[in-house]
Amino acid sequence: MNGFGITEMITLAVLAVILFGPEKIPEFSRKAARVVWFLRNVANNAQTQLRNELGPEYADLDIRDLTPKNLIQKHLLDEIQSDIDEIKADLSEVRSDLDSDLKDAQMLGEDIRHQLEDGEEPELAALVPFDVEAT
């Protein structure tokens, strides 16, 4: 409700009754409604005039797009959003690969631990790939 809660509305109504009296409240309400209607009309006319003067390429112009936050989001962030989505997809694939490698390493560690608990000598050369020529 435009930032007004029930308590603010009740407080304003009580203050209006105390300040102006119950006889003048309907008159002030009509005047306030006329002012709001007039201001809304002025804003709509200004927006329509701006669209007409800018030409047909700006027919879908929305005044809210001219605020700095929306302007930056529309022209800068939306252009790189697809790149961000691609990077996220790549990173999720890398994460799933790393998770599977981590599970394999944990299973290998469990196998070695069981072999050591049983008193066996674990064969690390068979378990861990090792390239002799690389060293």
Side-chain angles (χ1 to χ4, degrees):
M1 282 180 69
N2 298 334
F4 285 108
I6 293 293
T7 34
E8 289 90 357
M9 298 285 270
I10 292 172
T11 305
L12 287 175
V14 168
L15 283 174
V17 169
I18 291 172
L19 292 175
F20 304 118
E23 303 87 28
K24 294 197 178 206
I25 290 180
E27 179 184 337
F28 284 128
S29 297
R30 281 191 290 275
K31 286 182 181 179
R34 283 188 202 134
V35 168
V36 169
W37 179 82
F38 175 75
L39 291 175
R40 190 175 291 159
N41 232 2
V42 167
N44 287 337
N45 288 341
Q47 189 173 1
T48 304
Q49 184 179 0
L50 182 63
R51 282 185 187 146
N52 290 339
E53 289 182 9
L54 288 175
E57 59 267 0
Y58 294 101
D60 61 344
L61 175 70
D62 189 8
I63 297 299
R64 290 172 287 202
D65 289 341
L66 299 178
T67 61
K69 179 183 175 185
N70 293 340
L71 188 69
I72 289 171
Q73 184 173 4
K74 183 176 183 180
H75 294 288
L76 296 178
L77 298 180
D78 287 348
E79 291 178 5
I80 61 171
Q81 188 62 39
S82 62
D83 295 336
I84 291 172
D85 292 339
E86 288 178 24
I87 291 171
K88 283 182 181 179
D90 292 342
L91 288 176
S92 67
E93 290 175 12
V94 169
R95 181 180 176 99
S96 65
D97 291 344
L98 287 175
D99 287 342
S100 67
D101 290 345
L102 177 63
K103 288 179 184 176
D104 292 343
Q106 288 173 341
M107 289 175 42
L108 181 62
E110 287 294 319
D111 290 343
I112 292 173
R113 185 173 60 84
H114 289 303
Q115 288 175 357
L116 289 174
E117 287 174 354
D118 293 340
E120 299 176 16
E121 180 79 24
E123 293 184 26
L124 294 178
L127 298 174
V128 179
F130 182 72
D131 187 10
V132 180
E133 295 175 1
T135 55

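All heavy atoms count here, side chains included; hydrogens, waters and symmetry mates do not.
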### Residue pair Arg95 / Leu91, side-chain heavy-atom distance below 4.5 Å
no

### Query
Considering only heavy atoms from C-beta outward, does the side chain of Met107 approach that of Glu110 to under 4.5 Å?
no

### Message
Going by side-chain contact (heavy atoms from CB on, under 4.5 Å), Leu50 matches just one of Leu54, Asn52, Thr48. Which one?
### Response
Leu54

Cluster overlap [X] with [Y], hydrophobic side-chain contacts below 4.5 Å:
X     : Y     : value
Ile18 : Ile10 : yes
Ile84 : Ile87 : no
Leu15 : Phe20 : no

At what distance, to the nearest 0.5 angstrom, does [atom1] of [X] lie from [atom2] of [Y]?
X      : Y      : atom1 : atom2 : result
Ile6   : Thr11  : CD1   : OG1   : 11.0 Å
Leu108 : Asp101 : CG    : CG    : 12.0 Å
Asp99  : Asp104 : CG    : CG    : 11.0 Å

### Query
Taking atom types as modelled, is there a side-chain donor on Asp85 or Gln81 under 3.5 Å from an acceptor on the other?
yes

### Query
Between Glu93 and Asp90, is there a donor-acceptor pair closer than 3.5 Å when you use the side chain of the first and the backbone of the second?
no

